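The structure appears right after this line, and notes come after that.
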Amino acid sequence: IYLSAKLLIMYAKCGKMSDARQLFDEMPERNVGSWNAILSGHVKNGKIEEAWNIFDKMAERDVVSWTTMIGGYAKTGKIKDARQLFDKMPERNVVSWNAMITGYVQNGMVEDARRLFDEAPERDVVTWTAMVKGYAQKGRIQDARKFFDSMPEKNVVSWTVMVTALAQNGRLEEARVLFDEMPDRNVVSWTAMITGYVQKGRVDDARELFDKMPERDVVTWNAMITGYAQNGKVKEAQRLFDKMT
RNA sequence: AUAUAAGC
């Protein structure tokens, strides 16, 4: 059963929902977990109406099923539907609250997110990070920073969100200070800082970080190469592109 | 096995 569920997820990741459906229909035993797997597959492929039909048919739903649907509606901009489900669900955990809060953030509704944040019976690092991101994308950097500084615990994602917030709002020096203070950095953190420099035309600072970082992925290479290109350094872009292969 | 946050 668990193996089949893994297969379902694999199919879903490749967008092969019809294969997933067939496998699911042939499964001898379907528990709420396998139903959730197929539900999640449809949501990930943007098939929200299909997902609803499945959800509606499910004999048994758990907190994961409900939360999957909330995330699906939120991502497709149907925030009101998401909220209706959220209000209707029989029990919630911190992930359900987070899904609803990040749903508001994704739809630019940071005040609604804040209201829910205040109401939430429990908050974790995801809850807090979502609020930092919510204020940051509204340009409300000092509110974002206030939340960031109040966080009971931070991880590499929270740090990276805050660094990105500062960098995207042109506050590169502050971003760099924070970047240097990070207890851990990963490839996303490095790339966020590089992108910040590139957007301000500071390709040499970007390149310094690029050379210093322990590992690069396709997003990093792309940021650096297009950074050169957009700043008129076509030769450098070409040279780096060749180095990549 | 399945749900929520970061660089595009």
Side-chain angles (χ1 to χ4, degrees), chain A residues 1-10 12-13 20 24 27 29-44 51 54-55 58 61-75 82 85-86 89 92-106 113 116-117 120 122-134 136-137 144 147-148 151 154-165 167-168 175 179 182 184-199 206 209 213 216-227:
Chain A
I1 310 270
Y2 297 141
L3 259 169
S4 317
K6 277 211 188 239
L7 251 179
L8 288 181
I9 299 308
M10 260 187 48
K13 278 197 181 134
F24 180 73
M27 278 171 68
E29 238 182 286
R30 303 177 202 160
N31 56 20
V32 63
S34 47
W35 279 98
N36 286 342
I38 197 95
L39 196 65
S40 153
H42 282 88
V43 165
K44 284 202 173 90
I54 294 162
F55 179 83
M58 286 169 67
R61 305 178 189 105
D62 64 8
V63 63
V64 175
S65 334
W66 286 88
T67 307
T68 302
M69 287 307 302
I70 290 171
Y73 278 128
K75 267 195 198 78
L85 282 183
F86 181 78
M89 63 193 291
R92 304 175 189 94
N93 61 19
V94 64
V95 178
S96 337
W97 283 87
N98 289 345
M100 196 62 234
I101 289 168
T102 66
Y104 280 129
V105 167
Q106 284 161 358
L116 226 50
F117 176 91
E122 189 189 345
R123 301 173 190 106
D124 65 10
V125 63
V126 175
T127 328
W128 283 89
T129 305
M131 290 308 303
V132 174
K133 172 80 176 169
Q137 71 188 18
F147 269 82
F148 180 77
M151 288 179 73
K154 304 178 177 82
N155 63 16
V156 63
V157 177
S158 356
W159 281 90
T160 304
V161 169
M162 196 62 233
V163 167
T164 305
Q168 300 291 45
F179 179 81
M182 287 178 74
D184 314 286
R185 298 172 198 95
N186 61 19
V187 62
V188 178
S189 335
W190 286 91
T191 307
M193 196 64 231
I194 287 171
T195 302
Y197 280 131
V198 157
Q199 284 169 349
L209 286 184
M213 64 193 289
R216 301 154 197 93
D217 68 9
V218 58
V219 181
T220 321
W221 283 96
N222 187 49
M224 196 63 238
I225 292 170
T226 61

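Proteins get letters first, then strands, A, B, ... in listed order; numbering begins at 1 in each. In this text, all values refer to a predicted model and were calculated from it rather than measured experimentally.
Of the residues listed (W97(A), Y73(A), F86(A), F55(A)), the one engaging W66(A) in a ring-ring contact (aromatic ring centres under 6.0 Å, His included) is F55(A), and it is the only one. The only option from F148(A), W159(A), F147(A) that meets the ring-ring contact (aromatic ring centres under 6.0 Å, His included) definition with W128(A) turns out to be F147(A).
Distance CE (M193(A)) to P (C8(B)): 13 Å, rounded to an integer number of Å. Following rounding to the nearest Å, Q106(A) (CD) and A6(B) (C1') show an atom-to-atom distance of 12 Å. Taking atom CH2 of W190(A) as the reference point, atom P of C8(B) lies 18 Å away to the nearest angstrom. Regarding D62(A), its CG atom lies at a distance of 13 Å from the P atom of U2(B), rounded to whole Å. Between L39(A) atom CG and A1(B) atom C1' there is a gap of 14 Å when expressed in whole angstrom units. The CE atom of M89(A) sits 13 Å away from the P atom of U4(B) (whole-angstrom rounding). If you take CD1 of I70(A) and P of A3(B), they are 14 Å apart, rounded to a whole angstrom. For the pair M69(A) CE and U4(B) P, the computed distance is 13 Å after rounding to whole Å.
Residue K44(A) places at least one side-chain N or O closer than 4.0 Å to OP1 or OP2 of A3(B). Close to A6(B), at under 4.0 Å from its OP1 or OP2, lies no side-chain N or O of Q168(A). For the pair K133(A) and G7(B), the criterion of a side-chain N or O lying under 4.0 Å from OP1 or OP2 is met.
With hydrogens and angles left out, the side chain of N155(A) and the base of A5(B) share a donor-acceptor pair within 3.5 Å. Contact annotation: side chain of N186(A) to base of G7(B), donor-acceptor pair absent below 3.5 Å. No donor-acceptor contact under 3.5 Å links the side chain of N98(A) to the base of A3(B).
Side-chain proximity of T195(A) to the nucleotides G7(B), U2(B), A5(B) is greatest for G7(B). Distance from the side chain of S40(A) is smallest for A3(B) among the nucleotides A5(B), G7(B), A3(B). The side chain of K75(A) lies closest to A5(B), out of A6(B), A5(B), U2(B).
Partners of D62(A) under the side-chain hydrogen bond (donor to acceptor under 3.5 Å, both in side chains) rule, at least two apart in sequence or in another chain, are N36(A), S65(A). For K44(A), the side-chain hydrogen bond (donor to acceptor under 3.5 Å, both in side chains) test picks out S40(A), with sequence neighbours left out.
For an aromatic pair to be called close, the ring centres must be under 6.0 Å apart, and F179(A) with W190(A) satisfies this.
Residue T68(A) is classed as a sugar-phosphate contact, given heavy-atom separations below 4.0 Å to backbone atoms only. If you check every strand for non-hydrogen atoms under 4.0 Å, S96(A) touches nothing. Across all strands shown, V161(A) has heavy atoms under 4.0 Å from sugar-phosphate atoms exclusively, and none from any base. Contacts of G33(A) with the nucleic acid, taken as non-hydrogen atoms under 4.0 Å apart, include base atoms.
With hydrogens and angles ignored, the 3.5 Å screen pairs no side-chain donor or acceptor of N222(A) with any backbone N or O of V218(A).
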